[in-house]
Amino acid sequence: MQEHPQIQERRSDQTADLVVVANRLPVRRVQADEDLDEQWTVSPGGLVSAMAPVLADRNRFAWVGWPGDADGPTEAFNHEEMRLVPVHISEEEHELHYEGMSNGTLWPLYHDKVEPSEFHRHWFDGHRRVNQRFADLVSENAAENATVWVHDYQLQLVPGYLRALRPDLTIGFFLHIPFPPPELFMQIPWRTELTTGLLGADLVGFQTLEGANNFARLARTLDLAAGETNELLTRNGRDIHIRAFPIGIDVERYNEGANRPEITERAALVRKRLGNPKKVLLGVDRLDYTKGIDVRLRAFKELLAEERFGPGEVILIQVAQPSRDNVEAYVALKERVQGLVGEINGDFARVGVPPVHYIHQSRDFDELMSLYRSADVMMVTPLRDGMNLVAKEYVASRHDDTGVLVLSEFAGAADELTEALIVNPYDIDGVKSALMRAVAMPADEAAERMAAMRAKVEENHATRWAESFLTALRDVTRRTPSGPSKRQGETTG
Ligand code: F6P
């Protein structure tokens, strides 16, 4: 398919060699003074810090994403040497595409359907519209033969739309969340369109090998691509490479934070405020039903009821950052978790010593660091999770090789962090045993386990992840002859 002439016309001089496409822009708006002047600040951590060193090598780079609200800027602007291209999403589209299709259909289905997934045609129409808008803006902002890296489940149609508009581009896609088994995916009424969208990429990356294999199997089951192995598929004579790229964290930032004296002081203060218990347990999550917050609360409640700890001996801090609070299932979860916390504290608190400290707020980096440093046991018990970076953050902050990680086998991180106490979050007795083992673990065993995990987290850091994806993308393009089959547009079917 030829590029639409209007798009060709609109393409500016500032086209980029590398375009990152993600649901959100990597900045947030801050109001810096009384005149309410708009100012932007780079969102700390996350994708942008992984990309930073990679971007330093690129002369022309752009990031296409949603600015965070319907009144955001509509024109591209520059911020800290990044060209930011905002995608306007109306309030109605936000409901259909983000709250509806992304977080009411795909999110639960991709997480083992731990909550029901809803299928609504008008949600998918909105989703298509928004994905097409992302693709159009990428097309306008990408230089000839540029590399485009599309991120995550909200934008799976973008690679296909983009290939149709701009066959010259090299397109990579990375999914940050799990990719479900075909048996589940087949329920989606738009399964063919979504899979075709992903197959528009040259390289499709997943957090785990399981996700990569699920996708390759699906593409063959739907007869949309062929291939002898799960690593390489072909469609319309074009190669599509499928691989796992487990994501890492900005290790330096956590190391540096953990070693700062004021963090050590704050961590000691946290313990003091809790009444200097023998052990502090910690959970840090977005308030999401996939995270298994209720799992650990139930396990903790039973242990208290069985008097396995003395009064005030073990305290649990649960940080649950507010998230997606317009989506029904999240509202119900909030009530469920609050109910459980209330029950535990009602049944087992003494004056001044509630066993659970529940913080339903976002915490800044320093506060999180002091919590990580104060906790003897970190509980990461998702029912399903693409990776779970909190597990890696805790490990990176334990520079003295103290602390125990209890980790769900259904988090992508469990593939790497095999020295954690691995639990099945559906097995409450198993979670209880792991917790008891964690609080009683001898220091030398804990140190051995933590050192092994820290070595892995340090090696596979965020920048290495970004570099390895972009290197693989460059390699697959080199290996693919740039004959007519590669450079042809495709219909998105
Ligand atoms: O894990 C997927 C993800 O989209 C992350 O990229 C993001 O930080 C998190 O979920 C919360 O997403 P949002 O608030 O944009 O829905």
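Here the structure is a predicted model, which is why all the values come from computation and not from measurement. Whatever order the structure lists them in is the order used to number ligands and atoms, beginning at 1.
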Side-chain touch [X]/[Y], heavy atoms, less than 4.5 angstrom:
X	Y	answer
Thr195	Leu218	yes
Gln318	His360	no
Phe134	Gln154	no

Worksheet item: When Tyr153 is tested against each of Trp107, Phe173, Phe179, Phe174 for ring-ring contact (aromatic ring centres under 6.0 Å, His included), which residue passes?
Response: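 Of Trp107, Phe173, Phe179, Phe174, ring-ring contact (aromatic ring centres under 6.0 Å, His included) with Tyr153 is met by Trp107 alone.
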
Worksheet entry | Name of the residue among Glu115, Glu210, Glu409 meeting salt bridge (charged side-chain N to carboxylate O under 4.0 Å, His left out) with Arg384 |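 The salt bridge (charged side-chain N to carboxylate O under 4.0 Å, His left out) with Arg384 is passed solely by Glu210 among Glu115, Glu210, Glu409.
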
Worksheet item: Which protein residues have a heavy atom under 4.0 Å from ligand 1?
Response: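 If the criterion is a heavy atom under 4.0 Å, then ligand 1 touches Arg24, Tyr98, Trp107, Asp152, Tyr153, Gln154, Ile177, Arg286, Arg324.
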
Discussion item. Please report the interatomic distance CD1(Ile188) to CG(Leu194), rounded to the nearest 0.5 Å.
Written reply: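 Atom-to-atom, Ile188:CD1 and Leu194:CG are 5.5 Å apart.
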
